[in-house]
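Note sheet for the following structure.
Nothing fancy with the numbering, it's 1 onward along the sequence. Order of listing sets the numbers, starting from 1, for every ligand and every atom in it. All values below were derived from every heavy atom in this structure, side-chain atoms included, with hydrogens, water molecules and symmetry-related copies excluded. The shown structure was predicted, so the numbers you read here are calculated from the model rather than taken from an experiment.
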Amino acid sequence: MENKQKARVISEYRGAYKVKNEKGEFLAKVTGKKMFDASSREDYPAVGDWVAIDELPESQAVIKDILPRRTIIKRRAIEKGSVQVIATNIDVAFVVESVGRDYNLNRFERYFVIARDGGIKPAIILNKIDLIPKDDLDIKLEELKKRFPDVDVIATSIVRNEGLDELKKYIEKDKTYCFLGSSGVGKSSLINKLLGGELIKTEDISSYSERGKHITTNRQMYFLESGGAVIDNPGMREVGMTNVGEGIVDLFDEIFELSRKCKYKDCTHTHESGCEVLAAVESGKIDRDKYLNYLNIKKESDYYEMTDLERREKDRDFGKFLNKAKKSLKDYGHKN
Ligand code: GDP
Ligand code: ZN
C-alpha cells in the first residue's frame, strides 16, 4: 500500500504493539497474513524492531513487515523449548555489576557471550563504587582491564553521582542500548538517572483497541535527550540463562585455536593426554578461571543443544506417526 511508513516497536503487549515514528505513536497489530506466515515466535515483532506500517485512523496501524534485524537478544524458555526474542537492533549491552557481593569476573564473561552471540557490543558498568575505598576500586579496574582488554569500563555511583556524566557521554545519537545484570545491581537506578529522574515503572501508555477495549502497555523503550535509546523490558531482566551458540567462538577463540592441536579430535579438554588446552592452563598461558568458565558455559550450551535435538527427534516421531496414520486411513479407503 502507498501510505506505508517505517516505525520502531517500543513496546509489546499481548499481540498488540506500540510503534513510534516522527509522526507519533501508534497502537499496531500484525496483519492476518503475516500471522499466518509466521512459523515461530521469532517471526513476530519484538521491541526494537523496525517495521513497515500502514497508518489507520485514531493512531492505530497495521504492521506489514519486519525489517531485517541487525542484532538480537534471545532467551530460550527451557520448559517450552521455544525461543523468545527479548529485543532487537541493540548496539551496546551494558553489563552491570555492583562492587559488592555481586562482583564476579566470570559473570561478566557470561553476559558478554550472550551479547556477542546476538551481534551486540558489550560494555561494563561497575556500579555502587561508593561502597568501597578508592584503592579497592583501582584494583578492580586493573583486574577488569587485564581480563577484558577490549571492553570499555565505566565506574558509577548513583549515591555519589559519579560516572553518570561519563555514561551519558558514552551513549551516542541513534544508537540503542540495553542493561544486563543480576537484580539489585542498580540497572533501574542507572536508567532512571539517564532519563533525568523519570520513573520507568510508573509510566504507562493507555490506548483503545479497535473493539474499544482498553489496552495498557508498559513502555519498554526510552528515548534520551541525547538521541540515544534504551530498551528495558521484563524479559531483559531474565536474560542470563540463555544458550550461547556462536558467541562462545568469539570469546574463547584462544581455546578453540589451541584445541585444533589436541591429540584427539573429540577432545573435551578436561582429562585427555596430549590436550593443548590443558597444557596451556597448566603453564598459565590460559587463565584458570577463564578455562573453568569456558567449561561451564560449554556444558550449558551442550545441554541446550541436546534438548534441541530431542525436540527434533520428537517431531520426527510425530511425523512418522502421522504418515502411518494417513497410510492406514488410505488402506482403509482402498478396502471399501
Ligand atoms: P536493579 O534490580 O538492577 O534494577 O537494581 P535497582 O536499581 O533497583 O537498585 C537496587 C538497590 O541498589 C536500590 O536500593 C538502589 O537504591 C541501590 N543502588 C543503586 N545504585 C547504587 C549505588 O551506586 N550505590 C549504592 N550504595 N546503592 C545503589
Ligand atoms: Zn584438548
Side-chain angles (χ1 to χ4, degrees), residues 86-87 93-104 107-108 110-111 114 123-134 136-137 140-141 153-168 177-203 218-220 222 230-241 248-249 252-283 285-286 288 290-292 294-295 297-299 302:
I86 306 293
F94 289 119
V95 180
V96 188
E97 284 192 17
S98 65
V99 293
R101 240 177 343 110
D102 178 73
Y103 179 78
N104 179 314
R107 188 177 299 116
F108 274 123
R110 261 185 93 85
Y111 282 109
I114 292 163
I124 292 172
I125 295 181
L126 193 58
N127 190 34
K128 307 197 189 181
I129 58 169
D130 53 281
L131 296 178
I132 52 168
K134 174 102 177 43
D136 284 4
L137 174 63
K140 288 197 161 63
L141 291 177
V153 181
I154 302 170
T156 56
S157 166
I158 298 288
V159 173
R160 287 211 211 122
N161 238 330
E162 280 174 355
L164 299 172
D165 283 336
E166 196 189 335
L167 177 60
K168 278 181 194 161
Y177 301 79
C178 73
F179 288 72
L180 301 175
S182 313
S183 96
V185 295
K187 297 182 297 296
S188 317
S189 310
L190 287 163
I191 296 171
N192 280 333
K193 280 282 177 188
L194 286 177
L195 296 173
E198 184 188 1
L199 279 178
I200 293 170
K201 283 164 192 136
T202 54
E203 198 203 352
N218 290 312
R219 183 185 287 269
Q220 298 170 357
Y222 303 86
V230 171
I231 291 179
D232 182 47
N233 64 16
M236 197 65 81
R237 296 188 172 251
E238 289 158 32
V239 170
M241 288 303 297
I248 202 167
V249 180
F252 304 116
D253 48 6
E254 203 181 346
I255 290 175
F256 275 85
E257 208 46 57
L258 283 167
S259 70
R260 282 180 213 191
K261 291 185 245 152
C262 290
K263 189 166 158 193
Y264 305 106
K265 260 217 156 62
D266 57 351
C267 188
T268 61
H269 324 307
T270 52
H271 60 273
E272 293 88 346
S273 66
C275 172
E276 288 294 318
V277 177
L278 280 176
V281 175
E282 301 281 281
S283 74
K285 208 180 137 215
I286 286 184
R288 198 168 203 99
K290 192 164 174 171
Y291 166 74
L292 292 175
Y294 159 82
L295 288 184
I297 291 176
K298 182 84 173 63
K299 200 166 82 192
D302 286 349

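- Annotation: Thr156 places no N or O atom under 3.5 Å from an N or O atom of ligand 1; distance criterion only.
- Residue contact check: Leu131 has heavy atoms under 4.0 Å from atoms 26 (N) of ligand 1.
- Distances below 4.0 Å separate heavy atoms of Lys187 from the following atoms of ligand 1: 1 (P), 3 (O), 4 (O), 5 (O), 7 (O).
- Close contacts of ligand 1 with Gly186, meaning ligand atoms under 4.0 Å from a residue heavy atom, involve 1 (P), 3 (O), 5 (O), 6 (P), 7 (O), 9 (O), 19 (C).
- Atoms of ligand 1 lying under 4.0 Å from any heavy atom of Ser189, numbered from 1 in the order shown and given with element: 6 (P), 7 (O), 9 (O), 15 (C), 19 (C).
- When non-hydrogen atoms are compared, ligand 1 lies under 4.0 Å from neither the backbone nor the side chain of Val96.
- Closest approach of Val281 to Arg288, counting heavy atoms only: CG1-NH1, 3.9 Å.
- With the Zn ion (ligand 2) as the vertex, SG (Cys275) and SG (Cys262) define an angle of 110°, rounded to 10°.
- Remark: Lys285 NZ to Leu258 CG distance equals 4.5 Å, nearest 0.5 Å.
- Here Ser157 contributes atom OG and Leu190 contributes atom CG; the two are 9.5 Å apart, rounded to the nearest 0.5 Å.
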### Query
Under the side-chain contact (heavy atoms from CB on, under 4.5 Å) criterion, do Ser273 and Tyr264 qualify, and how do the steps go?
CA-CA 9 Å; Ser273 66; Tyr264 305 106; 4.0 Å; yes
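- Within His269, the N, O or S atom lying nearest to the Zn ion (ligand 2) carries the name ND1.
- Side-chain contact between Thr270 and Leu278: absent, with no pair of heavy atoms (C-beta onward) separated by less than 4.5 Å.
- For the 3.5 Å distance criterion, the side chains of Asn127 and Ser98 fail to qualify, holding no donor opposite an acceptor.
- Of the polar atoms of Gly184, at least one N or O is found under 3.5 Å from an N or O of ligand 1, judged by distance alone.
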### Message
Using the rule given for side-chain contact (heavy atoms from CB on, under 4.5 Å), can you reason through Ile129 versus Glu162, listing the C-alpha separation, both sets of side-chain angles and the distance that settles it, and then say yes or no?
### Response
CA-CA 8 Å; Ile129 58 169; Glu162 280 174 355; 3.4 Å; yes
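- For ligand 1 and Ser157, the ligand atoms under 4.0 Å from any heavy atom of the residue are 23 (O).
- Between Phe179 and Phe94, the two ring planes are tilted [angle within 30° to 60°].
- When the heavy atoms of Lys128, Glu97, Lys193 are ranked by distance to atom 28 (C) of ligand 1, first place goes to Lys128.
- Contacts between Asp130 and ligand 1 below 4.0 angstrom, taking non-hydrogen atoms only, involve the side chain exclusively.
- Annotation: Ile129 places no N or O atom under 3.5 Å from an N or O atom of ligand 1; distance criterion only.
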### Message
side-chain contact (heavy atoms from CB on, under 4.5 Å), that's the test. Do Asn161 and Lys193 meet it? Break it down for me.
### Response
CA-CA 9 Å; Asn161 238 330; Lys193 280 282 177 188; 4.2 Å; yes
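- If you number the atoms of ligand 1 from 1 as listed, the ones under 4.0 Å from a heavy atom of Ile158 come out as 20 (N), 21 (C), 22 (C), 23 (O).
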